[in-house]
Number of protein chains: 4
Amino acid sequence: MPRHPDIRQLLIDAALALFAERTYEGTQMPAVAARAGVGVGSIYRHFASKEALGNAAFQDAKRDLRARLIAATAEPAVSTRAQFTQFWSGFTGFASSRPEAFAFLEHQQHDTFLDEDSRALAAELDQMAADFIEHGQRAGAIRDGEPRLLVALALGALAGLLRAIRPATVTDIPPVERDRAEEAIWSLLSASPLSAKDS
Amino acid sequence: MPRHPDIRQLLIDAALALFAERTYEGTQMPAVAARAGVGVGSIYRHFASKEALGNAAFQDAKRDLRARLIAATAEPAVSTRAQFTQFWSGFTGFASSRPEAFAFLEHQQHDTFLDEDSRALAAELDQMAADFIEHGQRAGAIRDGEPRLLVALALGALAGLLRAIRPATVTDIPPVERDRAEEAIWSLLSASPLSAKDS
Amino acid sequence: MPRHPDIRQLLIDAALALFAERTYEGTQMPAVAARAGVGVGSIYRHFASKEALGNAAFQDAKRDLRARLIAATAEPAVSTRAQFTQFWSGFTGFASSRPEAFAFLEHQQHDTFLDEDSRALAAELDQMAADFIEHGQRAGAIRDGEPRLLVALALGALAGLLRAIRPATVTDIPPVERDRAEEAIWSLLSASPLSAKDS
Amino acid sequence: MPRHPDIRQLLIDAALALFAERTYEGTQMPAVAARAGVGVGSIYRHFASKEALGNAAFQDAKRDLRARLIAATAEPAVSTRAQFTQFWSGFTGFASSRPEAFAFLEHQQHDTFLDEDSRALAAELDQMAADFIEHGQRAGAIRDGEPRLLVALALGALAGLLRAIRPATVTDIPPVERDRAEEAIWSLLSASPLSAKDS
DNA sequence: TATGAATGAGGATTCATTCAT
DNA sequence: AATGAATGAATCCTCATTCAT
């Protein structure tokens, strides 16, 4: 049993922060160890390799995000618009409590090192988002179009926003701007304003 | 006298493609040379270092994009909406003719290697986009909000879209989906229809 | 904790030997590592670069020589001739205990890689020798002439001798030849016997 | 036939100068070409390789020195001392007309690249000097001792002198210092002053 | 169990040499 | 014949990984 209760999580957090800042490839194991405040050798008691650490970090972040989205959308929402706000708060909550984790996830199309499990997890989250879109489309609240493309547009916009304000986090944005951003992304998704009554 | 007409551009294109695919840090010089079809040593007759190549590639891409945006917006547009279509076609034209270049640019917040010139060029393009937003806001056509954040949202959405369809390009998307995407991003930006005066 | 007590010194000695044999430029880092019996990577835990290793080796050798000269000349000598013998034994003692170090030092006019500290140390030793000459000249025991040129002549002669017998060392020369060499170099320096007052 | 009457010699001179300044290993072929004012490719029309150029340069220098020594000692000398002056003027004449060549020769114990011919030529010159010493010893004018060691002492002294004054040449030394140096080196060689009458 | 010194394969860069012009 | 752009083997250096302590 590790001396420190959770060296593993310490390492994942350190890795996430560095990967977000300098890329997976641009991050050295000694740097991860230093940031976590442990010796290099200790990393290898917890992860078999850099690749294993990378995947563990990715999955840790994705699972956390998934948990938040599930929690945020647990309560039944009266409208698609309200449901969107649930998603929005799930995403922004995650992005503000673990900004590096969010930043890291937003960059993983460069996923040379991602393994099967990581990819499966990523697909699962994409599916959750696509489901929301499809549901909204059926309700006439979300504009027509390939759900995955709409998801990509919306998440891309959110990622763009967070990248632009870095190193600040969503919570640092003045509330009025934050609400405007939510509204803007909602407009990106919502069906023509005239039919937006339901939303 | 160079044996090949333009090894420099060949190298920049190879670098752009690989950087977009596997990150600047994750790309090895021999891989760049191989993709360009030249010997490793030849890279160094054209660029002083990997860093120099990275910056040259970044600037080449940014300049190309700038040229396209300038060309696309040259003709006076009757409305902000029409002006948006000009920008949209500038961006999508660039993204479809040089998809790797666009993908690469969309990833440079990890810009550990960017030099002064590269940053200045990036700032110039950001300014062009922000100017468009401000102008549209004064015309009452674009929603309120910090222009740079709106730019980030819109470009982020576009980047998300392109990332999602990769390795296909915008031109590969069925026209109906492409128009929906344009419309969606426009909605992201446009002032609420009720307050819209010219759009 | 270092596994080997003094890798740093091991590396300096290996470097000195190889630099003396094949020039600084002609020596590869893997060769230094091999001769020291360590891995290449280990060099870089002790020295930042080849240049740093070169300077460390140079300074190590110069400091050792300085210490020996100081020790050899510590005891007050009754005559300039006796003082010369002190210097001689300092130089030959150093040359025979660390022949490669001596050989290396004798080659550093090709000092493309020497830094400020190395040059300062070299100047200090030159000054010690020049002081001895001037003192001897004032005593009428050493011939007239620019002290630094006389130093150059005498040290050059010693270097020539050691180079000629390599890879043997001074201690390997039959005592009679060694005494003759000492006498010869003394003659190089001493005032003409007729004008010699104390020698 | 080369366009320029003697590109070969131009290259040898350039090589000699650079080798003396930065070591054989530390000198790049393009640098030699640049200094000679020709293209890199042209070197290879005259010399098969860097090694061939190195040996050609070495031999060119040694042959020149040999010619000067033969010329200088052609006229029969009345005494060993007078003969020494002939040698001295041969050496210093060479050293002042081709300082880089002399400097280069003085460094070739680092002769990793010297071939059979170069070594033979070097041995021949050593022999000439040793012959002079032995002859002088038989005449009672030169001190006892292994001739090769005495040669090494005397040439080493001369080399030390020239190294010390670099980049100036012997001709730049004030005549009085030059005569003192000659006298000093002669003292290094000459038999005990009392018997120096013959010299 | 935790460490960090040691390692060597792998990456960036240089440079002797070739060869199309 | 002369050139210098192109090449890739060889060099310096880095960094993921191991292992003695």
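In what follows, every chain begins at residue 1, and chains take the letters A, B, ... in the order their sequences are listed.
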| query | In degrees rounded to 10°, what angle is found between the helical axes fit to the five outermost pairs at each end of the helix from E/dA2-F/dT21 to E/dT21-F/dA2? | reply | 0°
Expected list for residues 42-49 of chain B: side-chain donor-acceptor pairs under 3.5 angstrom, two or more places apart:
unit_1  : atom_1 : unit_2  : atom_2 : d
B/Ser49 : OG     : B/Glu51 : N      : 3.4
B/Ser49 : OG     : B/Ala52 : N      : 3.1

| Residues that B/Lys62 engages under side-chain contact (heavy atoms from CB on, under 4.5 Å), provided they are two or more places apart | B/Phe58, B/Leu105, B/Leu121, B/Ala122, B/Leu125
| Atom-pair distance (CG on A/Leu11; P on E/dA2), nearest Å | 11 Å
| What string of B, S and - do you get for nucleotides 10-17 of chain F, 5' to 3', when a contact is any protein heavy atom under 4.0 Å? | -SSBBSSB
| For A/Phe104, which residues count as a ring-ring contact (aromatic ring centres under 6.0 Å, His included) partner, sequence neighbours excluded? | A/Phe19
| said: Under 3.5 Å, is there any donor-acceptor pair linking the side chain of B/Arg45 to the base of F/dA6? | reply: yes
| Taking only residues two or more places apart in sequence, or in another chain, which ones meet B/Arg119 in a salt bridge (Lys or Arg N to Asp or Glu O under 4.0 Å)? | B/Asp111
| E/dG11 P sits how many Å from B/Ile43 CD1, rounded? | 13 Å
| request: Using distance alone, with no hydrogens and no angle criterion, decide if C/Thr27 and C/Glu21 have a side-chain donor and acceptor under 3.5 Å apart. | output: no
| So, is B/His46 close to the F/dA5 phosphate, meaning a side-chain N or O under 4.0 Å from OP1 or OP2? | no
| task | Using the test salt bridge (Lys or Arg N to Asp or Glu O under 4.0 Å), find all partners of D/Arg66 that sit at least two apart in sequence or belong to another chain. | result | D/Glu124
| note | Across all chains, not counting sequence neighbours, the side-chain hydrogen bond (donor to acceptor under 3.5 Å, both in side chains) partners of B/Arg63 are B/Gln59
| query | Please give, in whole Å, the distance from F/dA2 P to D/Leu10 CG? | reply | 12 Å
| What is the distance, rounded to the nearest whole Å, between atom CD1 of C/Ile7 and atom C1' of E/dG4? | 13 Å
| Results of salt bridge (Lys or Arg N to Asp or Glu O under 4.0 Å) for C/Asp64 - residues two or more places apart only | C/Arg68, C/Arg98
| field | Nearest-angstrom distance from the residue atom CZ of B/Arg22 to C1' of E/dG11 | value | 13 Å
